[in-house]
Amino acid sequence: MADKSKITPRAENFARWYLDVIQQAELAESAEVVKGCMVIRPHGYAIWERLQAELDSRFKATGHQNAYFPLLIPMSFIKKEAEHVEGFAPELAVVTIAGGETLEEPYVIRPTSETIIGYFYAKWIKSWRDLPLLINQWANVVRWELRTRMFLRTTEFLWQEGHTAHATQQEAEEEARRMLDVYADVAENIMAMPVIRGIKSQAERFAGATRSFCIEAMMQNGLALQAGTSHELGQNFAKAFEIRFQNKSGELEFAWQTSWGVSTRLLGGLIMSHSDDRGLVLPPKLAPVQAVIIPIYRKDEERSAVLEKVQQLTSELRAAGVAVNADDREGYTPGNKFFHWEQHGVPVIIELGPRDLAVGNVVFRRRDAAEKQTVPAEGLAAVVVRTLDQMQTEMLEAARKRRSDNTVLAGSLEEVRAILESATAEKGGGKFVMAHLKDDKACDARLKEFKASVRCIPLEDHYDGPGKCIITGETVPHRVVIAKSY
RNA sequence: CGGGGCGUGGCUCAGCCUGGUAGAGCACCUGGUUCGGGACCAGGGGGUCGGAGGUUCAAAUCCUCUCGCCCCGACCA
């Protein structure tokens, strides 16, 4: 049989591989008739729902409540915070006509909700007793980006945005850090995607924030992906929207705020962290279907005996807490089914045919392993549970190793340039370059010359402490992450 | 917004240059044989060729206008 692979190998063209994986796994497709937008298909949405569940339970456990604010925001709101307008104005979609009439004041479709939420927080917050106010919103937002990429940057995307208000700057900082830790926990322990927690440089900070924290992940092509952000907003929006409370001494104070978010971009990160040339690879804790059993038979009597055993094993696995699916579809050969589930990223594929039935075995294949193995049908559930567990751990380890293999030190701007200049999303070759660099917009600008940027100033220094900035020569506390990014 | 590409069955595309009965592969439906890594054979359904206008006896094909999408760059979760 000729090569029927529908997935471009990573080494040939990483960007095309990424799109092929999405298509073959039926995660999403272009919305075609709506520029820059995408349709998230059931399998992709099921993974998003798993992510939502993991995140949402952690938000609740840290005291947050969900709420919902309008999609449309009065234009004037966006303009109230100077940096915020400047940051978002170019990418706003605006509603100017509604009900057949030109609106007196246009609405913008929310690119993020700090402003509309700020308006209501001003009404809700009067006293120190009203604080902290801890709210999260699951929503869609629209940003009119010039260049879109499936999951990574679409015109409309799904996300959650947390918006909190606190009585003190310190509480707000603790909140921003706490949620960053929640994001890192989900990224690493659920998505098996290692991240660096850090602070955004001045140049990369969120429009309107005093400080932005982030988690940065490395994709298989070495490019960086900002996987989540958590911002200290200081009193910027509080001042713009007059969010004031009376403190215990009876004085009026502006509230201290945070906002934090992760989006469907995480699915892009997930794909580019683990998947291979055969298709999607999902970490077991995130896989909507963790195991599939494929029955194999020819004659009718084989069929009934095999299917009976498959049903029994399915029940046992389910009882052990495994999300299992028996693929008893008629009219597809087993080979066809193997490919199907492999491309869809199912962590464990089990096959059972007359030969296995005769000796009480099943054939078993871990998605990220090269070889099949044969195991006894008796006690299969325990083996699957253990395997899923191991796979989760090993996927994170593998991703960590790849990141560390592709992280290098640099001592001069020319060295950074030489390492990163030729890296692209298509051809790969990206690295995390650790270098000493002053947190100054002028320094960031020099990296732009070769399309790299400061991804973050890590919160923890795993290198060699202070050193001289590769541009200004001034001493800075520790190395920053420089990379090309999505 | 600059540069490039493309709109033809569900999908990927050929046909266009040189106008003359709308095609292929995949997918789909039916029947049979198959079934341990993308099965095979036979039969079958499905397209106002992105849209409008023009030239012509005749337009998927030539001309004009128009709409949309994709890719590359500048901007960005």
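Letters go in sequence order (proteins before strands), and every chain restarts at 1.
Partner assigned to G47(B) is none, using Watson-Crick or G-U wobble distances below 3.5 angstrom. A 3.5 Å limit on both hydrogen-bonding distances identifies no Watson-Crick or G-U partner for C35(B). Both distances falling under 3.5 Å, in either a Watson-Crick or a G-U wobble arrangement, place C1(B) opposite G73(B). With a cut-off of 3.5 Å on both pairing distances, the Watson-Crick or G-U wobble partner of G53(B) is C63(B). Remark: A42(B) base-pairs with U30(B). Criterion, Watson-Crick or G-U wobble with two distances under 3.5 Å. Of the nucleotides present, C13(B) is the one that pairs with G23(B) by Watson-Crick or G-U wobble criteria, both distances under 3.5 Å.
Residue R143(A) places none of its side-chain N or O atoms closer than 4.0 Å to OP1 or OP2 of A77(B). Side-chain nitrogen and oxygen atoms of T333(A) include at least one within less than 4.0 Å of the OP1 or OP2 phosphate oxygen of A39(B). The shortest distance between the side-chain N/O atoms of K299(A) and the OP1/OP2 oxygens of C35(B) is not below 4.0 Å.
In this model, no side-chain donor or acceptor of K372(A) finds a partner on the base of G36(B) within 3.5 Å. A donor and an acceptor atom never sit less than 3.5 Å apart when one is taken from the side chain of N336(A) and the other from the base of G37(B). Within 3.5 Å, no donor on the side chain of E351(A) pairs with an acceptor on the base of G37(B), nor the reverse.
Distance CD1/I296(A) to NZ/K337(A): 9.0 Å, rounded to 0.5 Å.
If you check the side chains of H231(A) and S212(A), you find a donor sitting under 3.5 Å from an acceptor. Counted by atom type alone, N325(A) and W341(A) present zero donor-acceptor pairs between their side chains at under 3.5 Å. Using modelled atom types and a 3.5 Å distance limit, the side chains of R110(A) and T112(A) yield no donor-acceptor pair.
For T154(A), the listed nucleotide lying nearest its side chain is A77(B); candidates were A77(B), C75(B), C28(B). In the set C35(B), C75(B), G36(B), the nucleotide with an atom closest to the side chain of K448(A) is C75(B).
Below 30°, between 30° and 60°, or above 60°: for W159(A) and F157(A) the angle between ring planes is above 60°, a perpendicular geometry.
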Problem set entry | Sequence-aligned protein contact record of nucleotides 68-73 of chain B, with B where the base is within under 4.0 Å of a protein heavy atom and S where only the sugar-phosphate is | -SS-SS

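In terms of modelled atom types and a separation under 3.5 Å, the side chain of E175(A) and the main chain of T164(A) share no donor-acceptor contact.
We find that CZ of R303(A) is positioned 13 Å from C1' of C35(B), with the value rounded to whole Å.
No more than 12 heavy atoms of other residues, nucleotides or ligands lie within 6.0 Å of CD in E371(A), so this atom counts as exposed by the packing criterion.
Spacing between G46(B) and G9(B) at atom C1', rounded to whole Å, works out to 6 Å. Atom P of C57(B) sits at a distance of 37 Å from the matching atom of C13(B), rounded to the whole Å. Here, G23(B) and G15(B) have their C1' atoms 7 Å apart, quoted to the whole Å.
As judged by a 4.0 angstrom heavy-atom cut-off over every strand, F206(A) is placed among residues making no nucleic acid contact. Among the atoms of the strands shown, base atoms are found under 4.0 Å from some heavy atom of E145(A). L152(A) comes within 4.0 angstrom of a nucleotide base, judged by non-hydrogen atoms across all strands. Within the nucleic acid shown, R365(A) comes within 4.0 Å of at least one base atom, counting heavy atoms only. As judged by a 4.0 angstrom heavy-atom cut-off over every strand, V363(A) is placed among the base-contacting residues.
Stacking of R58(A) on the aromatic ring of W260(A) is not recorded, the 6.0 Å distance cut-off and the 45° axial limit not both being met. Geometrically, K80(A) does not engage Y119(A) in a cation-pi contact defined by less than 6.0 Å to the ring centre and at most 45° from the axis.
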With 3.5 Å as the limit, what N/O pairs link the protein to nucleotides 2-8 of chain B?
none

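No aromatic stack links F339(A) and the base of G37(B), using centre distance under 5.5 Å and interplanar angle under 30°.
Comparing W159(A) and P354(A) by the nucleotide of RNA chain B that holds the closest heavy atom to each, the one mapping nearer the 5' end is P354(A).
Considering only heavy atoms from C-beta on, H84(A) comes within 4.5 Å of F206(A) through its side chain. P194(A) has its side chain out of reach of R402(A): every pair of non-hydrogen atoms, C-beta onward, lies at least 4.5 Å apart.
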